[in-house]
Amino acid sequence: MDIYQLLRIESVKAFDELFHHQIEEDQIQIEQTSADHEGDLTLVVFPLLRFSRKSPVETANLLGKKLQEVSEFVENYKVIKGFLNLQIAQIYWLNHLSSLLKHDNIQVKTNPKPLTYLIEYSSPNTNKPLHLGHIRNNLIGHSVSEILLARGHEVIKANLINDRGIHICKSMVGWLKAGQGKTPETTGQKGDHFVGDYYVLFDQLYKKEMEQLIKNGSSAEDAEKKAPIMLEAQQILKLWEKNDDETRRIWTEMNSWVYQGFEKTYRRMGVSFDKVYYESDTYLLGKKLVKEGLEKGLFFSREDQSIWVDLQPDGLDEKLLIRPDGTSVYMTQDLGTAQLKHDDFCPDQSIYIVGNEQEYHFKVLRLILKKLGKSYADAIKHLSYGMVDLPEGKMKSREGTVVDADDLMDEMKQTALDYINESGKSTPMEESEKVALCEIVGLAALKFFILKTDVKKRMVFNPEESIDFQGHTGPFVQYTFARINSILEKSKISNVRELIFDFDFELEIIEMDLLKKLYYFNDAIAEAEREMDPSQLANYIYQLAKLYNRFYHDLPILKEVSANKKYFRLQMSFVVSRLIEYFMNLLGIQVPKRM
RNA sequence: GGUCCCGUAGCUCAGCUGGAUAGAGCAACAGCCUUCUAAGCUGUGGGUCGAAGGUUCGAAUCCUUCCGGGAUCGCCA
């Protein structure tokens with residue numbers, strides 16, 4: 001039982017004895033005492049006044065006195081206005097530290113009701129390389145999966161690859177026109193970048209054709225539809241859906257190039273999947289579902305053979321499900337994928353990690369599945385994260401303002417290398433170790449920067465100002481870990497956990513602060529789970545590292561003359577390093593033993 | 001126009017299931033390395049929490065209106 005629960009139970013009992021009124025446990029409001037006041041935990045008495053029928057100060061004083069008498073751990077109390085500040089006995093926090101030391105690994109309090117989660121994230125298109133937006137998506141997806149696993153749930157990490165559709169046809173047209181049989185092998189280019197270049201080329205040619213058409217008197221709208229290169233792309237899409245051999249062959253080959261590129265990026269980023277879905281496999285099932293819906297009269301068709309669903313009764317609009325030429329759209333294939341996910345894993349919660357610009361899409365997806373009578377519609381949850389914007393606004397591939405994922409990771413590593421070279425680090429290091437370290441540190445800076453912000457919020461990335469390596473950053477937390485590791489190594493004690501010593505001293509304030517912070521690590525994980533928000537972890541572990549650094553600065557550890565104090569400090573250091581490693585791993589960040 | 005999201009220090013963000021004098025980092029300035037790793041520590045300045053009402057013992061937090069920014073309402077995904 002945690003201290004909150006314990007105090008609530010004792011408070012209810014004490015209140016009844018004092019004021020002869022039985023209150024509910026959840027009416028007892030307990031929070032951590034703010035830093036400016038004495039005490040560890042604060043009981044807010046305002047909500048209890050109508051039952052005590054006494055003034056705030058009087059109520060708080062009576063309750064405090066009673067708690068001090070009856071509670072094993074309430075050592076003292078102080079009343080300020082309507083706030084009853086309780087001082088908890090040191091032994092309580094120390095016991096918690098001991099319990100952390102008992103196990104080899106960090107023991108997380110698991111959720112009493114474990115569920116099966118299917119987490120879809122990443123979901124790239126196969127026509128261009130990954131960019132900064134995908135990085136946020138991947139990091140959130142990976143971390144949320146780790147958090148849910150830590151809390152005892154079953155998790156299936158799924159990737160849905162948008163490998164078909166008009167976008168990939170555009171790259172194909174670009175390559176057919178200008179590729180001259182080149183491949184990533186012959187050019188030495190990473191496969192996803194190679195294909196992406198032809199997508200860009202397509203867009204350039206398309207624009208030229210439109211300009212020409214407009215010059216010849218077409219309206220802009222007409223030009224958009226009738227540019228020959230666009231018609232070509234549409235023709236390829238149709239051929240593709242008809243299983244045309246040659247089209248399929250080129251498509252397969254170009255996609256395989258992209259996958260090889262993605263694989264490298266994923267591996268470097270440290271993300272992985274248990275299951276990969278391809279839209280080329282799911283869109284037919286989607287079409288089937290649409291036809292069923294049409295037969296049941298849930299959907300309707302137009303003269304041009306297109307199929308629609310009318311969502312006006314639900315306050316939305318009509319939505320296209322099948323194009324006039326019989327090809328499927330985004331929604332069609334998502335219907336199929338949703339069905340397949342359910343058939344494969346029957347998850348309690350099917351989470352989609354997708355940007356908030358697609359909120360409408362998921363609203364519609366759920367509605368349509370409900371109309372089709374699918375029970376799993378309610379299990380679908382869109383984890384809608386905020387876009388990563390540049391200072392000027394949205395990233396736009398056409399304006400070349402997209403921040404490429406591979407480039408960005410390279411830059412972060414280089415910045416770390418520059419930093420280490422300029423700072424004249426005292427730690428002597430082989431060149432190869434230095435490079436490996438900077439990879440880890442650079443990625444940590446990037447990942448922490450992205451994950452420390454609330455997932456729901458839009459965030460701004462300024463490419464001009466490189467991401468910091470000092471202060472509220474990943475490297476700061478890593479550095480704390482490396483420092484502790486260094487101390488533990490120098491202590492020459494093989495197992496710090498097993499040290500036995502007497503508690504014959506008073507704790508310093510900073511030691512007390514650290515100890516209390518350690519106590520709350522489970523709250524951070526539980527909150528991260530509840531909100532599906534890794535930033536809770538990033539902020540907790542930063543605060544812990546910050547406290548530790550002050551402790552490290554202010555107090556001697558190895559040089560402490562009292563063996564008892566020294567052992568205590570070593571053990572606390574050890575636990576802090578364990579927590580840092582654990583939390584950082586939940587965030588998908590590695591920690592170096594020295595830096 | 002309809003729906004939804006966001007406005008907290010110069011910048012990037014915490015705090016938001018209502019609680020005490022609103023916190024960090026960066027940037028600026030001033031200190032601390034013969035002492036366990038200075039990617040660290042300490043200090044200074046910097047705020048009408050977008051605005052106005054309302055609910056409440058108490059509002060950055062909840063409600064309403066307004067202002068400002070963004071997303072979406074595609075036969076793109």
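Below, chain A is the first sequence line, B the second, and so on; all start at residue 1.
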Confirm from the modelled atom types if A:Asn549 and B:A38 form a donor-acceptor pair under 3.5 Å, side chain to base only.
no

A:Asp334 versus A:His361, side-chain donor and acceptor atoms under 3.5 Å
yes

Base, sugar-phosphate, or nothing for A:Gln478, non-hydrogen atoms under 4.0 angstrom?
nothing

If we check salt bridge (charged side-chain N to carboxylate O under 4.0 Å, His left out) with A:Arg594, which of these qualifies: A:Glu430, A:Glu489, A:Glu433?
A:Glu433

Sugar-phosphate, base or nothing in reach of A:Leu555, heavy atoms under 4.0 Å:
base

Any donor-acceptor N or O pair under 3.5 Å, side chains A:Tyr4, A:Glu25:
no

Under 4.0 angstrom, heavy atoms only, what part of the nucleic acid is A:Gln536 near: base, sugar-phosphate, or nothing?
sugar-phosphate

Within the modelled atom types, does a donor on one side and an acceptor on the other bring the side chain of A:Thr42 and the base of B:A20 under 3.5 Å apart?
yes

In terms of side-chain geometry, is the basic nitrogen of A:Arg530 or A:Glu527 positioned less than 4.0 Å from the acidic oxygen of its partner?
yes

Within the structure shown, what part of the strands sits under 4.0 Å from A:His167 by heavy-atom distance: base, sugar-phosphate, or nothing?
sugar-phosphate

Look at all strands and tell whether A:Pro56 reaches a base, only sugar-phosphate, or nothing, counting heavy atoms closer than 4.0 Å.
nothing

Taking the minimum atom-to-atom distance to the side chain of A:Glu357, which one of B:C76, B:C73, B:A71 wins?
B:A71

Should the pair A:Glu120-A:Lys341 be classified as a salt bridge under the 4.0 Å nitrogen-to-oxygen rule?
yes

Tell me what A:Lys319 touches on the nucleic acid: a base, only sugar-phosphate, or nothing, going by heavy atoms under 4.0 Å.
nothing

Answer with base, sugar-phosphate or nothing: what part of the nucleic acid does A:Tyr360 contact at a heavy-atom distance below 4.0 Å?
sugar-phosphate

Select base, sugar-phosphate, or nothing to describe what A:Pro47 touches, counting heavy atoms under 4.0 Å on all strands.
base

Spell out yes or no: do the side chain of A:Gln470 and the base of B:G40 have one donor N/O and one acceptor N/O closer than 3.5 Å?
no

Please report the distance separating the C1' of B:U61 from the corresponding atom of B:A14, rounded so that it comes out in whole Å.
14 Å

Nearest of B:G40, B:A77, B:A14 to any side-chain atom of A:Tyr479?
B:G40

With heavy atoms under 4.0 Å as the rule, sort A:Asp163 into base, sugar-phosphate or nothing.
nothing

Students often get this wrong, so: under 4.0 angstrom with heavy atoms, is A:Val460 touching a base, only sugar-phosphate, or nothing?
sugar-phosphate

For A:Phe46 and B:G19, say yes or no: do the ring centres fall under 5.5 Å of each other while the ring planes differ by less than 30°?
yes

Report which part of the nucleic acid A:Tyr542 touches: base, sugar-phosphate, or nothing (heavy-atom distance under 4.0 Å, all strands).
sugar-phosphate

Under 5.5 Å and under 30°: A:His553 stacked on B:G40:
no

A:Glu560 near the nucleic acid: base, sugar-phosphate alone, or nothing, with a heavy-atom cut-off under 4.0 Å?
nothing

Is A:Asn485 touching bases, backbone alone, or none of the nucleic acid, heavy atoms closer than 4.0 Å?
nothing

Are A:Phe83 and the base of B:A20 stacked, counting only ring centres nearer than 5.5 Å and planes tilted under 30°?
yes

